[in-house]
Amino acid sequence: MSTPRELLQEWPDFERWEVFRDGTQRVGAMRRVWKYSVLLTRVVIEGDEGPYQAESRIRFIPGIDWDLSWFHATGMEEPVLLHNPASWTHTGSLPVIGSGNIPTRDGRELPSGRRRPVEAGTLPGYGEYLVLARMVASGRREAQWNAVDDETGLAQQTRLVAVDDAPPPARLPAGVEAMGPIQRFDRMVAGTVRASHWVADGVVLASEWNGIHSVAVLDQAGSAGWEAIAGLEPANADFLLQGMQR
């Protein structure tokens with residue numbers, strides 16, 4: 001798989017929440033929304049030196065490819081914009097890059113930020129979830145693509161591969177006892193596992209990212225959101241719901 005062109009064939013809207021844990025400690029949450037052919041991802045991880053907040057928006061052209069990625073995170077002076085030279089367009093929910101703010105179809109005003117070039121045939125890093133979801137839905141066991149770092153624009157050859165007879169993760173959502181067998185998928189870069197995802201009955205249940213675990217909240221989107229942000233600092237909960245305040 002070199003491009004994500006088949007990801008958008010009749011792909012339904014969704015909203016998904018996960019909770020981050022470091023050992024037994026709850027340390028943050030993640031929200032993903034797919035709507036208007038845009039994948040929105042917001043991440044909060046709380047720590048002793050302050051929170052890490054990140055927001056990614058990747059716009060896709062149905063049946064073609066992605067064309068624009070907007071990314072901003074804690075520690076960055078300004079957002080980074082990546083555009084795909086293979087499918088660049090001036091329409092949709094993240095329109096023409098200009099000197100001012102970028103209006104979106106959900107009413108947000110995003111600063112235009114710094115542009116970085118990327119090669120054709122790539123996919124921004126936060127698009128990995130769509131690759132995984134498509135693999136699970138289609139029954140494929142392996143995918144390969146060039147993943148682009150959302151901040152630097154640098155690409156790395158990436159593999160996502162199913163692992164047989166893998167042990168379950170340390171933590172799973174409540175209610176998985178009634179689901180089918182659990183399958184693990186590993187994301188590999190240069191032969192090294194960078195992340196793992198556990199799936200059952202077509203649902204991504206949990207992931208592991210360099211020692212930090214995320215666990216899906218399997219309730220309906222509204223109640224899942226309230227459960228995911230419970231206990232977070234108010235500013236971090238507001239970010240997950242509303243985005244960065246500018």
Spacing of [X] atom [atom1] and [Y] atom [atom2] [to the nearest 0.5 Å]:
| X | Y | atom1 | atom2 | answer |
| --- | --- | --- | --- | --- |
| Asp65 | Asn84 | CG | CG | 5.0 Å |
| Glu55 | Asp150 | CD | CG | 12.0 Å |
| Arg32 | Tyr129 | CZ | OH | 6.5 Å |
| Leu160 | Arg194 | CG | CZ | 14.0 Å |
| Ser196 | Arg187 | OG | CZ | 9.5 Å |
| His213 | Trp198 | NE2 | CH2 | 6.5 Å |

Do [X] and [Y] share a hydrophobic cluster (ILVMFWY, side-chain heavy atoms under 4.5 Å, transitive)?
| X | Y | result |
| --- | --- | --- |
| Val161 | Val189 | no |
| Val204 | Ile212 | yes |
| Val215 | Trp17 | no |

So, [X] side chain and [Y] main chain: donor-acceptor pair closer than 3.5 Å or not?
| X | Y | result |
| --- | --- | --- |
| Arg31 | Leu40 | no |
| Arg171 | Arg21 | no |
| Asp201 | Gly180 | yes |
| Glu227 | Ile229 | no |
| Asp186 | Val193 | no |
| Glu46 | Glu233 | yes |
| Arg184 | Pro167 | no |
| Gln183 | Val163 | yes |
| Arg42 | Leu240 | yes |

Atom CD of residue position Glu78 - does it have more than 12 heavy atoms of other residues, nucleotides or ligands inside 6.0 Å? yes
List the steps, then state whether side-chain contact (heavy atoms from CB on, under 4.5 Å) holds for Phe14 with Leu39. CA-CA 10 Å; Phe14 66 78; Leu39 178 64; 4.2 Å; yes
Exercise: identify the closest heavy-atom pair between [X] and [Y]:
| X | Y | result |
| --- | --- | --- |
| Val136 | Gly202 | CG1-CA, 3.4 Å |
| Ala143 | Val131 | CB-CG1, 4.0 Å |
| Thr152 | Arg116 | O-CD, 3.3 Å |
| Leu82 | Gly153 | CD2-CA, 4.1 Å |
| Thr158 | Ala147 | OG1-CB, 3.3 Å |
| Ala200 | Leu205 | CB-CD1, 3.7 Å |

Verify whether one side chain among Gln53 and Asn236 offers a donor that lies under 3.5 Å from an acceptor in the other. yes
Is the closest side-chain heavy-atom distance between Trp34 and Arg16 below 4.5 Å? no
So do the side chains of Ile58 and Leu130 get within less than 4.5 Å of each other, counting heavy atoms only? no
List the residues meeting side chain to side chain donor-acceptor pair (under 3.5 Å) with Asp164, not counting sequence neighbours, and say none if there are none. Arg141
Taking the basic N atoms (NZ, or NE/NH1/NH2) and the acidic carboxylate oxygens, is any pair closer than 4.0 Å for Asp67 and Arg59? yes
Centroid separation under 6.0 Å, is that true for the rings of Phe20 and Tyr52? no
Taking the inter-plane angle between the rings of Trp209 and His197 on a 0 to 90° scale, is it parallel (under 30°), tilted (30 to 60°) or perpendicular (over 60°)? perpendicular
So, using ring pair (Phe, Tyr, Trp, His ring centres under 6.0 Å) as the criterion, who are the partners of Phe71 when residues are at least two apart? Tyr126
Worked verdict on Met76 versus Arg114 for side-chain contact (heavy atoms from CB on, under 4.5 Å): CA-CA 11 Å; Met76 295 173 57; Arg114 178 186 307 168; over 6 Å; no
Contacts of Arg159 meeting salt bridge (charged side-chain N to carboxylate O under 4.0 Å, His left out) (sequence neighbours excluded), chain-then-number -> Glu142
